[in-house]
Every structure is written in C-alpha cells, then in structure tokens.
Novice: 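This is the structure, below, for whatever I ask next.
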Protein chains: 2
Amino acid sequence: MAHAPRPSKRTETRQEIERLILSAAEKVFANAGFKGATMQLIADAAGLPKANLHYYFTTKEDLYRRVVQDIFEIWLHAADSFDTAPDAATAIGAYIDAKMEISRRHPDGSKVWATEVMHGAPVIQDYLESTLRDWTDGRIKVIRNWIDTGQIAPIDPRHLLYMVWATTQHYADFGHQIETLNAGQPLSDADWHTAKAAIKSIILRGIGAAGSA
Amino acid sequence: MAHAPRPSKRTETRQEIERLILSAAEKVFANAGFKGATMQLIADAAGLPKANLHYYFTTKEDLYRRVVQDIFEIWLHAADSFDTAPDAATAIGAYIDAKMEISRRHPDGSKVWATEVMHGAPVIQDYLESTLRDWTDGRIKVIRNWIDTGQIAPIDPRHLLYMVWATTQHYADFGHQIETLNAGQPLSDADWHTAKAAIKSIILRGIGAAGSA
DNA sequence: ACACAACCTGACCAATCGGTCAAGAAAATT
DNA sequence: AATTTTCTTGACCGATTGGTCAGGTTGTGT
C-alpha cells in the first residue's frame with residue numbers, strides 16, 4: 001500500500017516534534033508577543049527541555065518566522081471560493097464562512113499575524129509586498145468584474161476586502177473582549193452561527209448582492 | 001482674567017513632561033509591544049534620561065496602565081452620536097466617521113489597545129467587565145429601539161457593533177498592511193474619504209437604513 | 001538670603017533571557 | 001557488533017533590562 005518512499009522513523013518523529021514545537025510556539029507568541037514569549041515558556045508548553053528547541057530551530061526568530069509563514073498559508077487558501085463559486089453572493093458568503101472558521105479554529109495564528117503586522121511586519125514584509133499584494137490585486141479584479149456584470153453595487157473593492165478581513169479576524173484577535181462581553185463565556189455553536197449570519201447579511205445586502213436572500 | 005488658582009510653574013511643567021512621556025510611551029508600546037518596549041527606548045523617544053521616567057512613573061507597568069487608560073477614554077466618547085443624532089442612519093454614520101478619525105489620528109493608541117486585549121487584557125480586565133460592558137449594553141438597547149421603530153432591519157445589535165469596531169480599527173491596527181497594499185504610500189485625504197464612504201455605504205445599506213442615500 | 005522641597009541623572013545592580021557546548025543516549029548503517 | 005550519525009539535555013555565559021540611589025540642581029515660600 002505504501003508506495004511512496006516511506007519516511008524513516010527518524011524523519012517521522014522529527015516532523016512530529018517540529019509540529020509540537022510550532023503548535024506550542026504559536027500559542028505562546030499569540031499570548032505574549034515576540035519579546036514576551038521566552039524559549040523557556042515555549043519549551044514548557046511543548047514539554048521539552050529548552051536546549052532541545054534550539055536543536056530543531058536554531059534561533060527564536062527562525063521559530064517565529066515558521067509560525068508566521070504557516071499562518072499565511074492557511075490564510076491565503078481561504079478565498080478559493082472566489083474562483084470556484086458561480087456568483088458573487090455565493091463567493092463572498094463562502095469566503096466569510098471560511099475566514100470565520102479560521103478565526104474559530106486558529107485564533108492564536110490570527111493573533112500572531114495581527115501582532116506581526118502591527119509591529120510593522122519586521123519578518124514578513126517581503127510577503128506583504130509580493131504574495132499578498134498579487135493575491136489582493138487578483139481578487140480586486142474579480143470583484144471589479146462582479147461590479148461590471150451588475151452582480152453587486154459599485155463599491156470600492158479594496159475596502160470591501162478590508163471590511164471582510166477586519167470583521168472576521170476580529171472574532172479571533174479580540175476574542176477575549178468578545179468573550180468578556182458575552183458574560184465571560186466563549187461563543188457557543190449557536191453564537192458563531194448568529195455571528196456568521198449577521199456578518200453575511202449586512203455585507204451581502206450592503207453591496208447589493210440580492211441573490212443572497 | 002485668570003481667576004482660577006493659577007497652577008505653579010512646577011505643576012505646569014510636570015503635566016507637560018507627563019504628557020511628553022505618555023506620548024513617547026504610546027508610540028513605543030504600539031510598535032514594540034509591552035515587553036519589547038524598553039524604558040530606554042521610551043526615554044530616547046521622549047528625549048529624557050531613563051532615570052527621569054522612573055521619577056514620574058514608578059514602574060513600566062504604571063506607565064503602560066496610564067497609556068491604556070487614556071486610550072480607553074478617547075474610545076468611549078466616540079459614540080456620543082448615539083444619544084444625540086436624530087435617527088439611526090445619522091447616528092451610525094457619525095459613529096463610523098468618529099472612529100475612523102480616531103484610527104487616523106491615534107493609530108498608536110489603537111494598536112496598544114489591540115495588543116492589550118489580544119494578550120488577555122492583563123491590566124484592563126476590570127474595565128472590560130465594568131465600564132465597557134455597561135457601555136455596550138446601553139448601545140445595544142439604543143440599536144434595539146431602532147429596530148423596534150423600523151429604522152433598521154432586525155440584525156443582531158452586538159455583531160453590528162463588533163463590525164463597526166473591527167472595520168474602523170482595522171485602519172489603525174493594520175495600517176502598515178494597508179499602506180503596503182497601497183503601493184507603500186500612506187492613505188491620502190481622498191483615500192480616507194473613500195474608505196469612510198465605502199464603509200458607511202455598505203453598513204448603512206446592509207442594515208437597511210434607507211435614510212442614508 | 002535662607003531653608004526646604006521638588007526635580008534631575010550618571011552609575012550601578014540583580015534578574016532574566018537567548019543561545020552555546022560538551023558529554024552522553026538512541027537509532028541507523030555497515 | 002562496531003561505528004557513525006542523529007538526537008537529547010543540564011550547566012553555563014554574555015548581554016540586556018527594569019529599577020535603585022546618592023549626590024547635585026532648580027524652583028518656592030518666608
């Protein structure tokens with residue numbers, strides 16, 4: 001059954017440990033920032049001695065860079081619906097759903113990204129200027145096409161994108177504030193459903209995507 | 001003319017210096033986070049020797065707490081339009097304008113607030129649970145009233161508020177990303193006007209506040 | 001003019017942190 | 001079984017940082 005050159009037990013556990021460290025690092029970076037996160041805290045969260053972390057990731061910056069890059073990948077693929085959906089309303093609705101699901105499942109990743117950007121993107125500036133810029137330009141063209149074919153009202157595509165990003169990521173980045181305002185309770189399944197519905201309702205109606213009722 | 005007990009030269013300069021330090025601290029905290037901000041960096045930004053900072057603010061945490069509290073004050077008063085405006089569309093439009101203006105004029109403050117909340121609000125948790133919760137509940141009642149009187153569609157007031165917060169603050173917190181996607185240029189007057197118009201257009205139309213055309 | 005309080009600051013210290021290293025343990029290869 | 005490679009880890013180090021303090025300067029009230 002296993003035709004691919006089976007990975008040796010070594011490479012297998014190596015990847016497992018790397019994932020373990022990356023997961024612990026994501027959590028600690030999200031909750032303490034780059035400077036506030038110490039290698040010792042990450043090591044404790046991963047259940048490994050500190051020196052072992054430096055065997056897999058030579059420096060703290062290396063580890064951080066990997067965390068941010070992994071988030072960026074997840075982030076990019078959330079908008080595949082833009083190319084596959086049959087119409088604007090479906091595409092944007094699916095995009096909002098996907099981004100909300102990311103905010104729910106990967107809140108720590110979102111926080112790390114937010115902090116990185118807020119601090120001037122010291123380690124991923126090149127990604128912003130190349131990949132993200134190209135990606136954004138591409139989606140703007142798609143939105144322009146929706147406007148030209150009368151599927152949505154003539155709003156500024158750029159600010160529509162920003163609004164979707166801001167609103168969906170808010171539920172991850174400001175999750176603590178939202179939880180506090182929710183009587184200290186995490187959002188329930190129903191709460192998340194209500195949030196998604198409210199956001200899609202306002203935005204889709206707001207851009208005149210009638211096909212969403 | 002000066003009837004009020006004139007402040008001595010001492011208290012005058014004292015307040016000036018405190019403001020100078022607070023301003024420098026806000027900038028450094030915003031760009032480096034709490035841990036990343038060093039008292040030396042803040043001192044340099046303020047043009048004062050480090051030991052002098054400790055004369056006015058005993059600890060780094062004291063200084064940070066003051067910065068966050070000051071931001072919170074500005075933030076709260078941005079929604080006065082909720083009580084004074086004649087109708088929902090005017091009120092929400094004015095609130096969006098006010099919050100966008102804050103994002104433009106006080107981006108550093110917004111970033112400090114965002115980081116504080118993302119890290120679990122270690123120093124302002126009590127504000128979230130008291131002042132912010134009461135404030136939010138009050139505004140939700142106002143929005144409910146707008147719904148009951150048919151001024152806007154029956155959307156969830158809470159998520160409408162979150163959307164306004166998220167979208168407007170995005171222009172401060174993610175200003176660097178927006179600038180990068182804007183060919184590396186800061187938003188011009190015209191850009192800010194376009195952004196405000198797009199946001200108000202989508203949200204007001206999205207909640208069925210017809211009186212905004 | 002004098003005395004007292006408020007303010008300023010260079011030098012210093014203890015604590016913390018990222019990173020190193022040497023000495024071994026475990027696994028793969030021969 | 002021997003040998004080489006990969007992995008593990010406690011102990012350690014230099015650099016940085018928040019905070020202190022003693023001694024001096026400036027302003028205020030009498």
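Computation of the quantities below employed the complete heavy-atom set of this structure, encompassing side-chain atoms and omitting hydrogens, waters and symmetry-equivalent molecules.
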Novice: Keeping to residues at least two apart or across chains, list the side chain to side chain donor-acceptor pair (under 3.5 Å) pairs with something in residues 71-82 of chain A.
Specialist: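 Side chain to side chain donor-acceptor pair (under 3.5 Å) check on residues 71-82 of chain A returns A/Trp75-A/Gln169.
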Novice: Among residues 34-45 of chain A, which residues get a heavy atom nearer than 4.0 Å to DNA chain C?
Specialist: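 The stretch gives A/Ala37, A/Thr38, A/Met39 as the residues lying under 4.0 Å from the strand, ordered by number.
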Novice: Please enumerate all residues that pass side chain to side chain contact (heavy atoms under 4.5 Å, CB included) together with A/Glu179, with sequence neighbours excluded.
Specialist: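 A/Glu179: side chain to side chain contact (heavy atoms under 4.5 Å, CB included) contacts with A/Pro186.
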Novice: Quick one: is C/dC7 close enough that its OP1 or OP2 comes under 4.0 Å of any side-chain N or O from B/Tyr56?
Specialist: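 For C/dC7, neither OP1 nor OP2 has a side-chain N or O of B/Tyr56 closer than 4.0 Å.
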Novice: The criterion is side chain to side chain donor-acceptor pair (under 3.5 Å); which residues satisfy it with B/His176, sequence neighbours excluded?
Specialist: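 Per chain and number, B/His176 pairs via side chain to side chain donor-acceptor pair (under 3.5 Å) with A/Gln125.
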Novice: Suppose the criterion is side chain to side chain donor-acceptor pair (under 3.5 Å): which pairs have a residue in residues 136-147 of chain A, not counting sequence neighbours?
Specialist: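 Checked against side chain to side chain donor-acceptor pair (under 3.5 Å) - neighbours excluded - the pairs reaching residues 136-147 of chain A are A/Asp83-A/Arg139.
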Novice: Is the ring pair A/Trp165/A/Tyr162 parallel, tilted or perpendicular, if the boundaries are 30 and 60 degrees?
Specialist: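 Judged by the thresholds at 30° and 60°, the geometry between A/Trp165 and A/Tyr162 is tilted.
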Novice: Can you check the A/Leu63 CG to C/dC17 P distance for me, whole Å?
Specialist: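 Atom CG in A/Leu63 sits about 16 Å away from atom P in C/dC17.
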Novice: From CZ of A/Phe57 over to P of C/dT20, roughly how many Å is that when rounded to an integer?
Specialist: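 Value for this atom pair: 16 Å.
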Novice: Checking the side chain of B/Lys60 only, and the main-chain atoms of B/Ala37 only, is there a donor and an acceptor separated by less than 3.5 Å?
Specialist: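 Looks like yes, one N/O pair under 3.5 Å.
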Novice: Would you list the atom pairs, donor with acceptor, under 3.5 Å between side chains in residues 38-46 of chain B and any protein atom, with sequence neighbours excluded?
Specialist:
from    : atom 1 : to      : atom 2 : distance (Å)
B/Thr38 : OG1    : B/Leu41 : N      : 3.0
B/Gln40 : NE2    : B/Asp44 : OD1    : 3.1

Novice: So, using side chain to side chain contact (heavy atoms under 4.5 Å, CB included) as the criterion, who are the partners of A/Ala51 when residues are at least two apart?
Specialist: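 Listed in chain order: nothing, the list is empty.
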Novice: Nearest whole angstrom, please: distance from the P of C/dG19 to the NE2 of A/His54.
Specialist: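 Atom NE2 in A/His54 sits about 4 Å away from atom P in C/dG19.
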Novice: How long is the line joining NZ of B/Lys60 and P of D/dT20, in whole Å?
Specialist: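 Whole-Å distance recorded here is 14 Å.
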Novice: Please list, in numerical order, the residues of residues 114-124 of chain A that have a heavy atom closer than 4.0 Å to any atom of DNA chain C.
Specialist: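 Of all residues in residues 114-124 of chain A, none places a heavy atom under 4.0 Å from DNA chain C.
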Novice: Please identify each residue that fulfils side chain to side chain contact (heavy atoms under 4.5 Å, CB included) with B/Leu187, with sequence neighbours left out.
Specialist: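 Applying side chain to side chain contact (heavy atoms under 4.5 Å, CB included) to B/Leu187 gives B/Tyr171, B/Ile178, B/Asn182, B/Asp191, B/Trp192.
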Novice: Could you list all N or O pairs between the protein and nucleotides 9-15 of chain C that sit under 3.5 Å apart?
Specialist:
from  : atom 1 : to      : atom 2 : distance (Å)
C/dT9 : OP2    : B/Asn52 : ND2    : 3.2

Novice: Expressed in angstrom and rounded to an integer, what is the separation of B/Asp62 atom CG from D/dG18 atom P?
Specialist: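 For the pair B/Asp62 CG and D/dG18 P, the rounded distance is 14 Å.
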Novice: Side chain to side chain donor-acceptor pair (under 3.5 Å) with B/Tyr56: which residues, sequence neighbours excluded?
Specialist: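 By the side chain to side chain donor-acceptor pair (under 3.5 Å) rule, B/Tyr56 matches no residue at all.
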Novice: With B/Ile102, which residues qualify under side chain to side chain contact (heavy atoms under 4.5 Å, CB included), at least two apart?
Specialist: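 Partners of B/Ile102 by the side chain to side chain contact (heavy atoms under 4.5 Å, CB included) criterion, ordered by chain and then number, come out as B/Ile74, B/Ala78, B/His106.
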Novice: Below the 4.0 Å mark, does C/dC7 have OP1 or OP2 next to a side-chain nitrogen or oxygen of B/Arg14?
Specialist: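 So the side-chain polar atoms of B/Arg14 do come within 4.0 Å of the phosphate oxygens OP1 or OP2 of C/dC7, strictly under.
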